[in-house]
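Here the structure is laid out as C-alpha cells; the discussion comes afterwards.
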Amino acid sequence: MTDHAQPLVFPADFLWGAATAAYQIEGAAGEDGRTPSIWDTFSRTPGKVRNGDTGDIATDHYHRFREDIALMAELGLPAYRFSIAWPRVRPGGSGPANKAGLDFYDRLVDGLLEHGITPVATLYHWDLPQELEDAGGWTDRSTARRFAEYAALVAGRLGDRVGAWTTLNEPWCSAFLGYGSGVHAPGRTDPAAALAAHHHLLFAHGLAVGALRAELPAGARVSLTLNLAAVRPRSDDPADREAARRIDGLANRIFLDPVFHARYPADVLADTAGVTDWSFVRDGDLAEIARPVDALGINYYTPTVVAADDPADPAPRQDGHGGERSPWPADQGIRFLPADGERTAMGWPVDADGLYELLTRLRDDLPGLPLLITENGAAYDDYSDPSGAVRDPERIAYLRAHLTAVHRAIAAGAPVRGYFVWSLLDNFEWAYGYGKRFGIVHVDFASQRRTPKDSARWYAEVVRTGELRPAGPPA
Ligand code: FCB
C-alpha cells in the first residue's frame, strides 16, 4: 500500500526527527571520568559482538557532536532523539555526579537549541554501569532506585532546556535479550532472571517518572519507549492463535497492562508460572509503575509471525533476534516464522502493515494517549560510490512505505504525533557491530567522514514539506 497519486500531508505540528543512542555513537569510552557499562564489558568479551567490534570509538560523536548538529541543521531536522550515558554522568552508577559528563550533554543540548532543534532525551538506552550489574543488575531491585536518582540528577541539570523525556528504551530488549537469550549485555541466559529484570525495569521507569516530575518544570513531557510487537498467527488454526496470544502477552501486554492499568496480565502470570513465582513484585510496585505518562514511544521494524511448533518440521526456530537460546520465557511449543517478502540486511522482513496494525491497536487499547514513533528504519549494505554518493533506494522505499502506514493510521484516528528515523548515523549495531548500517548518513569508520545518503536528502524534503509525494519512476 505505498502507491498514492496525491501527496500525503502530515499534521502541521507533527514532530520529525532522527534518533541515536549514546553507546552506539559517542565513543570516548574512557574519557572525562566515564566508567564501563555492561556494553563495554560485553563487547570486549570475545565472541559476543561480530568482528570483535566495541563502542570505544564508535562514530566519535563525543568529539564531533558540533559537526553532527550542523549536519542535522543542514538537513533541516526539527528534533533529535539521543540518549544519555549513565556511566558518563554518574560513574559506577551511584555516588556523586560527574561534572564533565553532565557538561557534555549540556553542550549538546545548547548546540541543538542554537540550531532550533528540539532535544528529546532518553535516559536508558542499555548502558547500565558495570558496577550495578556486578551487584545484581536489573535482577536486583536497588538498581531501580539508582536509576531514579540518576534521572533526577540529569533532569536537574538539563530540565530547564529539555522538555521531552523518555525513561527507558525497549525494556523488552534489556530484559529478554540481556538476561534471557544473552545476545545483548550483560549476556545472562536465565528466563527467571529475565522476568525479574523486566519487573525491575518497569519499577525503575515508574520511580523515574516520579523523580522527573519532581524535578522538571510543569509542561515537560515524560514517556517510555517500547518495541511492541505486531504479532500475527500464521493461520486461523486455534493452536497458532494460542501461540499468538502467548507472544502478545510476553511482548505487549506484559508492558501495557502494568504501565497503563497497574496489573500484570493473568494469562502471562499463568504461562510463566513454571519459570518464576513473581515474588519480586512487592506491594505498591504496580501503582508506582502505572504513574501517568504523557505519551508512548514506539519502535517498529518488522512484524512477529508465530505458529504452534510442529515437531516434525526440522526448520530452525527463529525470531529475528539471533542467538541459540530463546529470549522468550516459557515459549515451549511456539515457532517464530519470517514474514513474507523482501528483507533488509538484518534479515528482517519489510512489512509496513505491521506498523499500521500496531498503531490502530494502540488507538483502541489506550484511547487518547499520544503516540510517537521513536524509531523506524532499515539496514542495507550501503557504500560510497566512486563519485562519493551513497545511493540507498531500498531505504527510501522502506521509509516511504512506513510513513505511508503512519499516515494511514493517523487518518484512521491513531494519535501519532511524531516520527524519528533510526538512525541519524551509521553506528555500532549492538551484537552486529559496525557491519549493519542503519544511518541516513553514511559514516566511514576509518576517517569518520559523514556523507548524507540519498535517503537523508529524501527525508529532508519530506520533513521540509510535511508531505510524502508520490514515488516517481525508478531512477
Ligand atoms: C532497536 C534499538 C536501536 C537500534 C535498532 C536497530 O532495537 O533500540 O538501538 O539498534 O533496534
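Side-chain atoms are counted along with the backbone in the values below, which use heavy atoms only and exclude waters and symmetry mates. Just so you know, ligand 1 is whichever comes first in the structure, and atom 1 is the first atom listed for that ligand.
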cation_pi(Arg90, Tyr150) dist<6.0 Å, angle<=45 = no
Which ligand 1 atoms are under 4.0 Å away from a heavy-atom of Trp126?
-> 2 (C), 7 (O), 8 (O)
Interfacing atoms of ligand 1 (cut-off 4.0 Å, heavy-atom, Phe438) | 6 (C)
Using a 4.0 Å heavy-atom threshold (strictly under), name the region of Asn227 that reaches ligand 1: side chain, backbone, both or neither.
-> neither
Just which atoms of ligand 1 are under 4.0 Å from any heavy atom in Trp430?
-> 3 (C), 4 (C), 9 (O), 10 (O)
Determine, stepwise, if the pair Tyr23 / Ser43 fulfils side-chain hydrogen bond (donor to acceptor under 3.5 Å, both in side chains).
-> CA-CA 11 Å; Tyr23 190 69; Ser43 65; 3.0 Å; yes
Do Arg450 and Thr59 have side-chain heavy atoms sitting under 4.5 Å apart?
-> yes
Using a strict 4.0 Å cut-off to heavy atoms of Asn169, name the atoms of ligand 1 that fall inside it.
-> 8 (O)
Which class fits the ring pair Phe445 and Tyr434: parallel under 30°, tilted 30 to 60°, perpendicular over 60°?
-> tilted
Is the closest N or O pair between Glu429 and ligand 1 shorter than 3.5 Å?
-> yes
Indicate, as side chain, backbone, both or neither, the part of Met346 found under 4.0 angstrom from ligand 1 when only non-hydrogen atoms are considered.
-> neither
Going by atom types only, do Asp53 and Tyr432 share a side-chain donor-acceptor pair under 3.5 Å?
-> no
In terms of the angle between their ring planes, are Trp430 and Trp126 parallel, tilted or perpendicular, with boundaries placed at 30° and 60°?
-> tilted
Does His125 reach ligand 1 with a nitrogen or oxygen that is under 3.5 Å from one of the ligand's nitrogen or oxygen atoms?
-> yes
For atom 5 (C) of ligand 1, grab the closest protein heavy atom and report residue, atom and distance to one decimal in Å.
-> Tyr301 OH, 3.2 Å
Going by heavy atoms in the side chains, are Glu342 and Pro349 under 4.5 Å from each other?
-> no
Please check if atom CZ in Arg325 has more than 12 non-hydrogen atoms from other residues, nucleotides or ligands closer than 6.0 Å.
-> no
closest protein heavy atom to atom 7 (O) of ligand 1 is Glu170 OE1, 2.5 Å
Nearest neighbour in protein (non-hydrogen) for atom 3 (C) of ligand 1 | Glu375 OE1, 3.3 Å
